[in-house]
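Data first, discussion second: the structure below is written as structure tokens.
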Amino acid sequence: MTTIRLRNSKSRKVEEFHPIDPENVQMYVCGPTVYDRAHLGNARPVLVFDVLYRLLRHVYGERHVTYVRNFTDVDDKINAEAQRRKGLGDPRSLEALIAERTEETIAWYHADMDALGALRPDQEPRATAFIGQMIAMIADLIAKGHAYEKEGHVLFRVRSYQNYGALSGRSVDDMIAGARVEVAPFKEDPMDFVLWKPSDEDLPGWDSPWGRGRPGWHIECSAMSYELLGASFDIHGGGIDLQFPHHENEIAQSACAHPEAGFANYWVHNEMLQVEGKKMSKSLGNFFTVRDLLDQGVPGEVIRFVMLGTHYGKPMDWTERKREEAETTLRKWRALVDGAVPAAHPAAELVEALADDLNTAGAIADKFDKKSRAKMIVSGSSLSLT
RNA sequence: GGCGGGUUGGCGGAGAGGUUACGCAGCGGAUUGCAAAUCCGUGUAGACCGGUUCGAUUCCGGUACCCGCCUCCA
């Protein structure tokens, strides 16, 4: 059997991947906050983990892999958009407007990511469907002394977790020294973070032992991964920008709530996307969505091909030139595979390259038959790693 | 300030301690009514300074530069 090797952010080394249970390999990836169209940067983790998902299914069998990716549908940006619509005179309730916003955004997300040839995860839980589990976990953390309530907020007591900072390689003291964080007066310690916060009447809220409120950002992933995958699972993925504080906080919450378990064994982070050498941002005018590209006539497979041309652990630079070259290359590959009979199994060299820490660039490079590699990697269609 | 990633030929981008990467672009040629496509051939590398070694672009150390994170942005 192929041995997959992955760079584990925990150890900062490439390690052999050995699942807890080969009959049920489990992966959790942080999904989008559904407040707007997915921008191009959002597509990178989707494609990176799509390749990993396909590889896992190839190695362990389709029925033996569970991939969970959440939708964060509790968020101030969503609230802001709903309030904006309300302000424009929409007569419906805030809750209805929020629901409308998240529904349409999820539909867009599905359509856009489908266009990139990404398989849908096995489960796509929404945060709002797990509020009860979050409340239960928070209550448990309070009971165990890892969290405290202050002025309607519940805060995680960072100092109560010995290994805080291990994933991102920081010490609590260093972080405080360089902190640009605004310290709320009710915090025992500047690093403590919110598990639950109060909502006024203009915001969505749920009843809890601490009053009407809404969850903090990090608790949803801890609660949902526990509910769907258990206290220990194999792989946790996401963008490197989430490593701190989001993933650090997830670990703290989950490890303290379930001290007997290991939470995620392998942490895989993808590097960021840039556009023409610069960070994509609205102020630089180089910000665009996946849908923008699709509407301009850039095929999803071209986007996928360009993305996978760079190893996930390196910054990926999206350039007009790469887009053009990818179109040329794919057109030629299409001509090559035209009329070819799909192979029953992917080339061993392809699997080997991908098993080597998802070396998609190396896999695309060569060393094996062009005809078979073209579709397998790029379009994920009939010849895909399944 | 703290933490992390990177630096290969015109551009993108791999593997390997010693042998041609590959692709695109360029150049020469074949084919072609023209063009496109296709085919053949071909040049240009490994940021800088040290170290290990018979030999390093590949291992080790340092320097420079670029980028990101530290702000509920993937």
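Side-chain atoms are counted along with the backbone in the values below, which use heavy atoms only and exclude waters and symmetry mates. Remember, it's a predicted structure, so these values are computed and weren't measured experimentally. In what follows, chains carry the letters A, B, and so on, assigned in the order in which the sequence lines appear, proteins first and then strands, with residues in each chain numbered from 1.
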Subject >> Sugar-phosphate, base or nothing in reach of A:Arg7, heavy atoms under 4.0 Å >> reply: sugar-phosphate
Original post:
Looking only at atom P, what distance separates B:rG10 and B:rA47, rounded to whole Å?
Top reply: 13 Å
Original post:
Rounded to whole angstrom units, what separation is found between the NE2 atom of A:His247 and the C1' atom of B:rC70?
Top reply: 15 Å
Subject >> Close approaches to RNA chain B from residues 225-241 of chain A, in residue order (heavy atom, under 4.0 Å) >> reply: A:Gly238, A:Gly239, A:Asp241
Subject >> Whole-Å P distance, B:rG46 and B:rA25 >> reply: 25 Å
Original post:
CD1/A:Ile4 to CG/A:Leu56 distance, rounded to the nearest 0.5 angstrom?
Top reply: 4.5 Å
Subject >> Nucleotide B:rC3, atom P - distance to NE2 of A:His269 in whole Å >> reply: 18 Å
Subject >> Given B:rA14, B:rC73, B:rG68, the nucleotide with the shortest approach to the side chain of A:Met272 >> reply: B:rG68
Subject >> Contact nearer the 5' end of RNA chain B, comparing A:Leu242 with A:Lys322 >> reply: A:Lys322
Enumerate the protein-to-nucleotides 24-26 of chain B contacts in which both atoms are nitrogen or oxygen and the separation is below 3.5 Å.
residue, atom, partner, partner atom, Å
B:rC24, OP1, A:Lys332, NZ, 2.7

Original post:
Expressed in angstrom and rounded to an integer, what is the separation of A:Asn249 atom CG from B:rC73 atom P?
Top reply: 14 Å
Original post:
Taking the C1' atom of each, how far is B:rU58 from B:rU8, in whole Å?
Top reply: 11 Å
**OP:** Considering only atom P, compute the distance from B:rA21 to B:rG15 and round it to an integer number of Å.
**Re:** 14 Å
**OP:** With P as the reference atom in both, quote the distance from B:rC59 to B:rG6 in angstrom, rounded to an integer.
**Re:** 12 Å
Original post:
If you link I, L, V, M, F, W and Y whenever their side-chain heavy atoms are under 4.5 Å apart, who else ends up in the same group as A:Trp108?
Top reply: none
Original post:
What do you reckon, are the aromatic ring centroids of A:Tyr161 and A:Phe156 less than 6.0 Å apart?
Top reply: no
Original post:
Do any N or O atoms from the side chain of A:Arg126 and from the backbone of A:Asp73 form a donor-acceptor pair under 3.5 angstrom?
Top reply: no
Original post:
Across the strands shown, which category fits A:Thr72 at heavy-atom distances under 4.0 angstrom: base, sugar-phosphate, nothing?
Top reply: nothing
Original post:
Separation of A:Glu352 atom CD from B:rA16 atom P, in whole Å?
Top reply: 11 Å
Original post:
Considering only the P atoms, how many Å lie between B:rC65 and B:rC60, rounded to the nearest integer?
Top reply: 23 Å
Subject >> Distance, rounded to the nearest Å, where A:Glu320 contributes CD and B:rC11 contributes P >> reply: 18 Å
Original post:
Shared ILVMFWY cluster between A:Met137 and A:Ile251, side chains joined below 4.5 angstrom?
Top reply: yes
**OP:** Start with the C-alpha distance between A:Tyr35 and A:Asn79, add both sets of side-chain angles, then the distance that settles side chain to side chain donor-acceptor pair (under 3.5 Å), and finish with yes or no.
**Re:** CA-CA 9 Å; A:Tyr35 65 97; A:Asn79 301 337; over 6 Å; no
Original post:
Which value, in whole Å, describes the distance between the P atoms of nucleotides B:rA36 and B:rG26?
Top reply: 11 Å
Original post:
In terms of hydrophobic clustering (I, L, V, M, F, W, Y; side-chain heavy atoms under 4.5 Å; direct or indirect links), are A:Tyr28 and A:Met134 co-clustered?
Top reply: yes
Subject >> A:Asp36 side, atom CG; A:Arg101 side, atom CZ - distance, nearest 0.5 Å >> reply: 5.0 Å
Original post:
From the list B:rG13, B:rU71, B:rC73, which nucleotide is the closest neighbour of the side chain of A:Ala361?
Top reply: B:rG13
**OP:** Answer with base, sugar-phosphate or nothing: what part of the nucleic acid does A:Asn359 contact at a heavy-atom distance below 4.0 Å?
**Re:** sugar-phosphate
**OP:** Start with the C-alpha gap between A:Tyr148 and A:Asp192, add the side-chain angles, then the distance that decides, and say whether side chain to side chain donor-acceptor pair (under 3.5 Å) holds.
**Re:** CA-CA 10 Å; A:Tyr148 56 95; A:Asp192 291 351; 2.5 Å; yes
Subject >> Spacing between A:Gln243 atom CD and B:rG68 atom C1', to the nearest angstrom >> reply: 11 Å
Original post:
Same cluster for A:Val351 and A:Leu47 if Ile/Leu/Val/Met/Phe/Trp/Tyr side chains link at under 4.5 Å?
Top reply: yes
Original post:
Do A:Phe71 and A:Trp217 sit in the same hydrophobic cluster, where Ile, Leu, Val, Met, Phe, Trp and Tyr count as joined when their side-chain heavy atoms come under 4.5 Å apart?
Top reply: no
Original post:
So which one's nearest nucleotide on RNA chain B is more toward 5', A:His218 or A:Gln274?
Top reply: A:Gln274
**OP:** Confirm from the modelled atom types if A:His39 and B:rA74 form a donor-acceptor pair under 3.5 Å, side chain to base only.
**Re:** yes
**OP:** Considering just the side-chain nitrogens and oxygens of A:Ser168, establish if one lies under 4.0 Å of OP1 or OP2 belonging to B:rC69.
**Re:** no
**OP:** Measure the CZ-CZ distance between A:Arg57 and A:Arg63 for me, rounded to the nearest 0.5 Å.
**Re:** 10.5 Å
Original post:
When you compare B:rU32 with B:rC39, how far apart are their C1' atoms, in angstrom units rounded to a whole number?
Top reply: 12 Å
Subject >> A:Ile78 CD1 - B:rC73 P separation (whole Å) >> reply: 11 Å
Original post:
Dot-bracket, RNA chain B: Watson-Crick or G-U, under 3.5 angstrom, [ ] crossing, | other strand?
Top reply: (((((((..(((.....[...))).(((((.......)))))....(((((..]....))))))))))))....
Show me the donor-acceptor pairs, under 3.5 Å and distance only, between side chains in residues 255-268 of chain A and residues at least two apart or in other chains.
residue, atom, partner, partner atom, Å
A:Tyr266, OH, A:Glu16, O, 3.1
A:Tyr266, OH, A:His18, N, 3.0

**OP:** Keeping to residues at least two apart or across chains, list the salt bridge (charged side-chain N to carboxylate O under 4.0 Å, His left out) pairs with something in residues 217-242 of chain A.
**Re:** none
**OP:** Give the rounded distance in Å between these two atoms: CE of A:Met307 and P of B:rA74.
**Re:** 14 Å
**OP:** Please work out if A:Gly216 contacts a base, only the sugar-phosphate, or nothing of the nucleic acid, heavy-atom cut-off 4.0 Å.
**Re:** nothing
Original post:
Between B:rG13 and A:Lys314, is there an OP1 or OP2 to side-chain N/O distance shorter than 4.0 Å?
Top reply: no
